[in-house]
Amino acid sequence: MAVIPVALSGRGYDVHVARGLLEQAGDLAAPFLRKEHVPVVADANAWAMHGRRLEAGLAATGRTAAVYEVAPGENSKSWEGLASLVDWLLAHGVERGDHVLALGGGVVGDLTGFACAILKRGCGFVQLPTTLLAQVDSSVGGKTAINTAAGKNLVGAFHQPSLVLADLATLETLPARELRAGYAEVLKYGVLGDAEFCTWLAEFGSDALALRENPLERAVAHCVAMKAAIVAEDERETTGRRALLNLGHTFGHALEAETGFSDRLLHGEAVALGMVLAARYSERIGLVGIDDAAAVTRAVDAAGLPSEIAALGLDCDGRRLADHMLHDKKMDAGTLPFVLLRGIGDAFLAKNVDLADIAAFLDEELRAH
Ligand code: GLY
């Protein structure tokens with residue numbers, strides 16, 4: 001088992017990465033569980049697949065679960081979803097010193113984390129992420145949020161969990177497409193900050209994707225360690241360091257908006273394409289060589305992720321995609337920071353990118369290849 005500390009003064013916690021952690025959840029979370037009856041907020045699918053193992057883990061230390069099931073999908077991250085969860089937590093007598101367990105992917109983690117941030121001005125929670133994306137990214141670092149009519153993740157809080165248990169066995173029941181989409185975030189860590197990890201992924205990434213235990217644990221633990229270091233340095237995304245985790249997300253957000261945030265393009269797929277576009281745009285403006293941009297495309301292709309926007313068959317031009325970016329929540333005083341590359345493993349935040357040039361670049365990409 002890998003145990004990665006997130007070093008935040010007064011709010012530090014451990015992230016455990018291994019197979020079979022749900023069966024040990026009662027033991028591992030024991031310091032945080034004051035009562036016999038433990039509130040568990042669970043994605044309905046995740047509960048159907050893994051609830052028994054979690055119940056067994058709690059039963060091993062004499063505890064039972066009170067379960068609140070969340071309908072799968074982004075729609076649950078709403079004001080209504082938040083209100084009904086908070087009411088349920090209140091009805092179950094959850095107090096400020098208690099901890100709520102969150103079993104599921106990013107939706108459940110974000111929703112539960114935000115509910116816990118505001119419940120009685122803040123109670124504790126433990127993340128039990130069941131998707132690759134949640135294990136390597138969203139369950140670590142304390143970003144919590146819901147969506148509103150104005151956009152995704154626009155209302156939320158920084159609220160760190162007290163513990164994260166990333167049980168690799170949960171990935172075995174994920175649809176292959178969702179697993180691959182989560183792998184885009186794994187690639188992201190290498191491309192943004194660790195060329196050696198990119199080299200390792202070129203050799204062993206397919207084994208990790210095939211869920212071979214050692215490479216999978218190594219890949220997830222490595223990403224978590226990178227995220228932990230970034231969060232420890234820039235918890236609230238004020239210095240620009242944490243913003244590097246948005247590599248591929250600005251281009252990706254425009255593509256997700258254009259495809260209606262639908263199954264046509266999963267978030268991770270949009271991030272993969274967005275990373276390729278960030279690399280190619282970096283090449284266009286002379287920041288990286290053609291070899292580095294091609295290497296990003298190759299890594300994305302090798303994982304079976306989309307690397308060409310022309311293949312999406314979008315009925316739009318570059319200007320329209322660039323316009324979607326203006327609604328990105330990362331807009332700051334009228335400018336939109338882009339994460340670009342100086343090389344593989346060397347991302348930086350570019351603050352003066354010309355959106356008209358981005359639109360022209362996207363026009364070429366929409367026609368190309
Ligand atoms: N998912 C990006 C972040 O946690 O900052």
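First listed ligand is number 1; within each ligand, the first listed atom is number 1.
Relative to the six-membered ring of F361, R280 misses at least one condition, a distance below 6.0 Å or an angle of at most 45° to the axis.
Taking the six-membered ring for Trp and the full ring otherwise, H249 and H267 have centroids separated by under 6.0 Å. Residues F338 and Y281 keep their aromatic ring centres 6.0 Å or farther apart.
Of the options R242, Q160, R241, K143, a side-chain hydrogen bond (donor to acceptor under 3.5 Å, both in side chains) to E235 is made by Q160 and by none of the others.
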Enumerate, one pair per line, all nitrogen or oxygen atoms of ligand 1 lying under 3.5 Å from a protein nitrogen or oxygen, stating the separation to 0.1 Å; write 'none' if no such pair exists.
residue  : atom  : partner : partner atom : Å
ligand 1 : 1 (N) : D137    : OD1          : 3.1
ligand 1 : 1 (N) : D137    : OD2          : 2.9
ligand 1 : 4 (O) : K227    : NZ           : 2.5
ligand 1 : 4 (O) : R242    : NH2          : 2.8
ligand 1 : 5 (O) : K143    : NZ           : 2.9
ligand 1 : 5 (O) : R242    : NE           : 2.7
ligand 1 : 5 (O) : R242    : NH2          : 3.4

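Among residues two or more places apart in sequence or in another chain, the ring-ring contact (aromatic ring centres under 6.0 Å, His included) test is passed with Y68 by W88.
T173 places none of its side-chain heavy atoms less than 4.5 Å from the side chain of T130.
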